[in-house]
Amino acid sequence: MSNNETVDRPVNFIRNIINDDLANHKHEQVHTRFPPEPNGYLHIGHAKSICLNFGLAEDYKGLCNLRFDDTNPAKEDMEYVDSIKQDVQWLGFQWAGDICYSSNYFDQFYAYATELIEKGLAYVCFLNSEESREYRGSLKEPGKDSPCRDTSVEENLALFSKMKNGEFKEGECVLRAKIDMASSFMCMRDPTLYRVRFETHHQTGDKWCIYPMYDFAHCISDAIEHITHSLCTLEFQDNRRLYDWVLDHLDDFSKPDRPHQYEFSRLNLEYTVMSKRKLHQLVDDKLVEGWNDPRMPTISGMRRRGYTPASIRDFAERIGISKVDSMTEMGILEAAVRDDLNKVAPRSMAVLDPIKLVIENYESEPEVLMAPIHPQNEEMGKREILFGREVYIDRADFTEVAPNGKFMRLALDKEVRLRNAYVIKGVRAEYDADGNVTTVYCTYDPDTHGKNPADGRKVKGVIHFVEASKAIPAEFRLYDRLFTVENPAKEDDFESVINPESLTIKNGFVEPGLLNSEPEKAYQFEREGYFCRDNQSVDKQIYNRTVALRDTWSAK
RNA sequence: AGGGCUGUAGCCAAGCGGUAAGGCAUCUGGUUUUGAUCCAGUGUACCGCAGGUUCGAAUCCUGCCAGCCCUGCCA
């Protein structure tokens, strides 16, 4: 690659392979693909693969296809193809040309299967699934040949044609590759290439009643699309032998520039699950609101929660690509969002757990004050906030007697600054029957807006507030990890280890300026965290907390 | 004697025979009208273990140990 055109990315073993392939002119242009099966929603693990495949294509000025690996109509649905397209685009990537479907190649797969039969490399097998399993042998013992293994080419051709024409029932027979029943790779013990399924396919309707298996379809799809580097996760390492076998035995593809498969480790994130099966189960069992529940590791859930495409791409870059079976800390993801949001999120003030604060020496009507939208970025401008005799502050920001000299919040007879406004001093507090503070009374120093007290006294603490008369009531949804253990997938019953406090709802107030806040748009509620308006309840004032601010204090 | 992979600081991850990058986390200072940000500093990593080759090994060889994956007509 030419130096000054490329982005400075962390190196990884796949980039090393590509660099070699380009240097040796094995390929002239990089062509990758992201090949999801449309049988569920995309999650952060898919995002890792998307960023890898599309990122490689971008950096090497190559191409990346979006291909739906839709060879099993029984599990697939258009709902999923639509959401997958949306998620890929939302992440900021554009596929090369039209969307591809493995099902586009059904005619070609059929022809290539026929080629294998003609070469004596595939046969129709009538063993049922139990028999087939017995014949396969075990990890330590070789399998034995199917009685159908010696059927003549002519007979096999006729049989396969009958399969295609619907003359066999589901499960009655399959097309198998004739490889080696004693191979140490289980996937090479005469693997199934085609099975009979009387299913309506979301793309091809009822045209077919036989469908190719992944191992047969995937390598050929890659080859048809001229994919150069076929990247997948570690569990397909053994399957690579079959990938190579199929392409090497087909005249169209047994060439040096055919695609090759390379495997990297999938993403494991602490305190969540990543398998589609488990995610499906959470949705089906109504343990979450849906695929787009903000606690889900799905792209749509994270989008609703307030994660940005940039933060997810940055996360993918931070964790890198390797073959190590690893467990990534949530902290890396959180650091990535905070980094992005800190730069772009307008600041605002919201009180999540309000108590009333009355400023006894403030007699006039509420006044308008100007506050920076971003304290480190003047170009973002200023916003109007209200200040008046009655404001809301957070319950956690007041205590009658400061516990120690390091306490930076409001206490009786102690001064603190109301952010973007004046310095106040606690006078007295009122409590309800349960002993909870209801109202705090204070006085303010009118000469402290935008400046420190003239007499030089230092006021260290700053707390946020919302003026009461015009405050907009709002609901705040605070999210915590979905599970209580680092690796819930290891649990016998992962649902038993769900965090009962993964969602906490608070009712408080936001600034009037947020009346028409946009769903999914990030705000920093100062001292509280990053929030965005919920995209599923736009008529209400509901804010999802994306992530709290980094907290180096409360740990004590 | 099944096979395929992987083992570098708490986590992620460079390194590919010349004497251990970087990020996250941690901790310490400084700045600060967010206990945030920002800035500066902060890690004896017996490079899974044990041998061997070499002037020199995380890097090459041998043996061992640990973890993950493979017996769907799923992908």
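Numbers restart at 1 for each chain; the letters A, B, ... are given by sequence-line order, proteins then strands.
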> Rounding to an integer number of angstrom, what distance separates U31(B) and G22(B) when you compare their P atoms?
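Those two atoms are separated by 27 Å.
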> If you look at every strand shown and take non-hydrogen atoms under 4.0 Å, does Asn420(A) touch a base, only sugar-phosphate, or nothing?
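Base contact.
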> Using the P atoms only, state how far C70(B) lies from A14(B), rounded to an integer number of Å.
24 Å
> Scan Ile319(A) against the nucleic acid and name what it touches under 4.0 Å (heavy atoms): base, sugar-phosphate only, or nothing.
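Touches sugar-phosphate only.
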> Look at all strands and tell whether Arg189(A) reaches a base, only sugar-phosphate, or nothing, counting heavy atoms closer than 4.0 Å.
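The residue Arg189(A) makes no contact with any strand.
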> Can you check the Arg133(A) CZ to C74(B) P distance for me, whole Å?
12 Å
> Judged by atom type as modelled, is there a donor-acceptor pair below 3.5 Å linking the side chain of Glu528(A) to the main-chain atoms of Phe525(A)?
no
> Test the Lys414(A)-Phe407(A) pair against the cation-pi criterion, namely NZ or CZ under 6.0 angstrom from the six-membered ring centroid and within 45° of the ring axis.
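Lys414(A) over Phe407(A) ring: no.
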> Side chain of Gln376(A): nearest nucleotide among A36(B), G35(B), C73(B)?
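Nearest to the side-chain atoms of Gln376(A), counting from C-beta on, is A36(B).
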> What integer number of Å spans the P atoms of G43(B) and U54(B)?
37 Å
> Test your reading of the model: is there a side-chain donor-acceptor pair from Arg189(A) to the backbone of Ser138(A), 3.5 Å cut-off?
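Yes, Arg189(A) side chain to Ser138(A) backbone: donor-acceptor pair under 3.5 Å.
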> Within this structure, what is the CG-to-P distance between Asp77(A) and C74(B), rounded to whole angstrom?
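Value for this atom pair: 18 Å.
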> Identify whether any heavy atom of Lys460(A) sits under 4.0 Å from a base atom; if not, whether one sits that close to sugar-phosphate; answer base, sugar-phosphate or nothing.
nothing
> Can you tell me how far C1' in U8(B) sits from the matching atom in C16(B), rounded to whole Å?
14 Å
> Would you measure the distance from the P atom in A20(B) across to the matching atom in C46(B) and give it in whole Å?
14 Å
> Assign Ser183(A) to base, sugar-phosphate, or nothing according to its heavy-atom contacts below 4.0 angstrom with the strands shown.
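If one applies the 4.0 Å heavy-atom cut-off, Ser183(A) turns out to touch nothing in the nucleic acid.
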> Could you tell me whether Ala74(A) contacts a base, only the sugar-phosphate backbone, or nothing, with contacts defined as non-hydrogen atoms closer than 4.0 Å?
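Nothing, no heavy atom under 4.0 Å.
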> When every nucleotide of nucleotides 14-25 of chain B is labelled 5' to 3' by its protein contacts under 4.0 Å (heavy atoms), B for base, S for sugar-phosphate only, - for none, what sequence of letters results?
SSB------BS-
> Has Lys506(A) got its NZ or CZ under 6.0 Å from the middle of the six-membered ring of Phe476(A), at an angle within 45 degrees of the ring axis?
no
> Could you walk me through whether Ser132(A) and Ser129(A) satisfy the side chain to side chain donor-acceptor pair (under 3.5 Å) test, starting with their C-alpha distance in whole Å, then the side-chain angles of each, then the deciding distance to 0.1 Å, before giving a yes or no?
CA-CA 5 Å; Ser132(A) 181; Ser129(A) 49; over 6 Å; no
> To the side chain of Met186(A), which of A75(B), U71(B), U34(B) is closest?
U71(B)
> Measure from CZ on Phe315(A) to C1' on C12(B) and round the result to the nearest Å.
9 Å
> Answer with base, sugar-phosphate or nothing: what part of the nucleic acid does Met327(A) contact at a heavy-atom distance below 4.0 Å?
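Result for Met327(A) = sugar-phosphate.
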> Calculate the interatomic distance between Arg409(A) atom CZ and A36(B) atom P; express it in whole Å.
12 Å
> For a stem of at least 3 consecutive Watson-Crick or G-U pairs with distances under 3.5 Å, i pairing with j, i+1 with j-1 and so on, which stems involve RNA chain B?
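Only these stems qualify: B:2-7 with B:65-70, B:10-12 with B:22-24, B:27-30 with B:38-41, B:48-52 with B:60-64.
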> Starting from the 5' end of RNA chain B, give me the residue, Pro35(A) or Pro375(A), whose nearest nucleotide shows up first.
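Here Pro375(A) is the residue nearer the 5' end.
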> Rounding to a whole Å, what distance do you find between Leu127(A):CG and U71(B):P?
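One finds 18 Å between P of U71(B) and CG of Leu127(A), rounded.
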> Give Phe236(A) one of three labels, base, sugar-phosphate or nothing, depending on what nucleic acid heavy atoms sit under 4.0 Å from its own.
base
> If stacking means aromatic ring centre less than 5.5 angstrom from the base's six-membered ring centre, planes under 30°, is Trp553(A) stacked on G35(B)?
yes
> Which part of the nucleic acid does Glu317(A) contact within heavy-atom distance under 4.0 Å: base, sugar-phosphate only, or nothing?
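Nothing: the residue Glu317(A), judged by heavy atoms under 4.0 Å, touches no strand.
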> Hey, does the side chain of Arg347(A) come within less than 4.0 Å of U37(B)'s phosphate (OP1/OP2), counting only N and O?
no
> Could you tell me how far C27(B) sits from G10(B) if I compare only their C1' atoms? Round to whole Å.
14 Å
> Taking the C1' atom of each, how far is A21(B) from C12(B), in whole Å?
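A21(B) and C12(B) have their C1' atoms separated by 14 Å.
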> Both Lys140(A) and His374(A) contact RNA chain B. Taking the nearest nucleotide for each, which residue is further toward the 5' end?
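Result: Lys140(A).
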> If anything within 90° of 0 is syn and all else is anti, what is G72(B)?
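Syn conformation here, the glycosidic angle of G72(B) being no more than 90° from 0.
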> Tell me what Glu37(A) touches on the nucleic acid: a base, only sugar-phosphate, or nothing, going by heavy atoms under 4.0 Å.
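Answer is sugar-phosphate: Glu37(A) comes under 4.0 Å of backbone atoms only.
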> Assign Phe185(A) to base, sugar-phosphate, or nothing according to its heavy-atom contacts below 4.0 angstrom with the strands shown.
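It contacts sugar-phosphate atoms only.
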> Starting at CZ of Arg149(A), measure out to OH of Tyr135(A) and round the result to the nearest 0.5 Å.
12.5 Å
> Looking just at side-chain N and O atoms, do Arg417(A) and Thr448(A) make a donor-acceptor pair shorter than 3.5 Å?
no
> Let me know the distance between CE of Met181(A) and C1' of G2(B), rounded to the nearest Å.
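From Met181(A) CE to G2(B) C1': 15 Å.
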> Rounded off to whole Å, could you give me the CG-to-C1' distance for the Leu193(A) and A75(B) pair?
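Result: 15 Å.
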> Within the 4.0 Å heavy-atom criterion, would you say Asp238(A) contacts the bases, only the backbone, or no part of the nucleic acid?
base
> Parallel, tilted or perpendicular: which one describes the rings of Phe160(A) and Tyr110(A), with boundaries at 30° and 60°?
parallel
> Taking the P atom of each, how far is U26(B) from G63(B), in whole Å?
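Taking atom P in both U26(B) and G63(B), they lie 44 Å apart.
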> Salt bridge check: are Arg527(A) and Asp394(A) linked by an N-O gap of less than 4.0 Å?
no
> Tell me, with the steps shown, if Thr272(A) and Arg481(A) meet side chain to side chain donor-acceptor pair (under 3.5 Å).
CA-CA 7 Å; Thr272(A) 189; Arg481(A) 47 182 64 138; over 6 Å; no
> So if I apply the ring pair (Phe, Tyr, Trp, His ring centres under 6.0 Å) rule between Phe509(A) and each of Tyr543(A), Phe465(A), Tyr392(A), which one comes out positive?
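For Phe509(A), the ring pair (Phe, Tyr, Trp, His ring centres under 6.0 Å) test succeeds with only one of Tyr543(A), Phe465(A), Tyr392(A), which is Tyr392(A).
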> Gly529(A) near the nucleic acid: base, sugar-phosphate alone, or nothing, with a heavy-atom cut-off under 4.0 Å?
nothing
> What is the separation between atom OH on Tyr271(A) and atom C1' on C11(B), rounded to the nearest whole Å?
12 Å
> Could you tell me whether the side chain of Glu528(A) has a donor or acceptor atom within less than 3.5 Å of a complementary atom in the base of A36(B)?
no
> Going by the side chain to side chain donor-acceptor pair (under 3.5 Å) test, name the single residue among His46(A), Glu79(A), His280(A) that passes it with Tyr41(A).
Glu79(A)
> Decide whether Glu263(A) and Gln261(A) meet the rule of one side-chain donor and one side-chain acceptor closer than 3.5 Å.
yes
> Under 4.0 Å, counting only non-hydrogen atoms across every strand here, what does Lys343(A) touch: a base, just sugar-phosphate, or nothing?
nothing
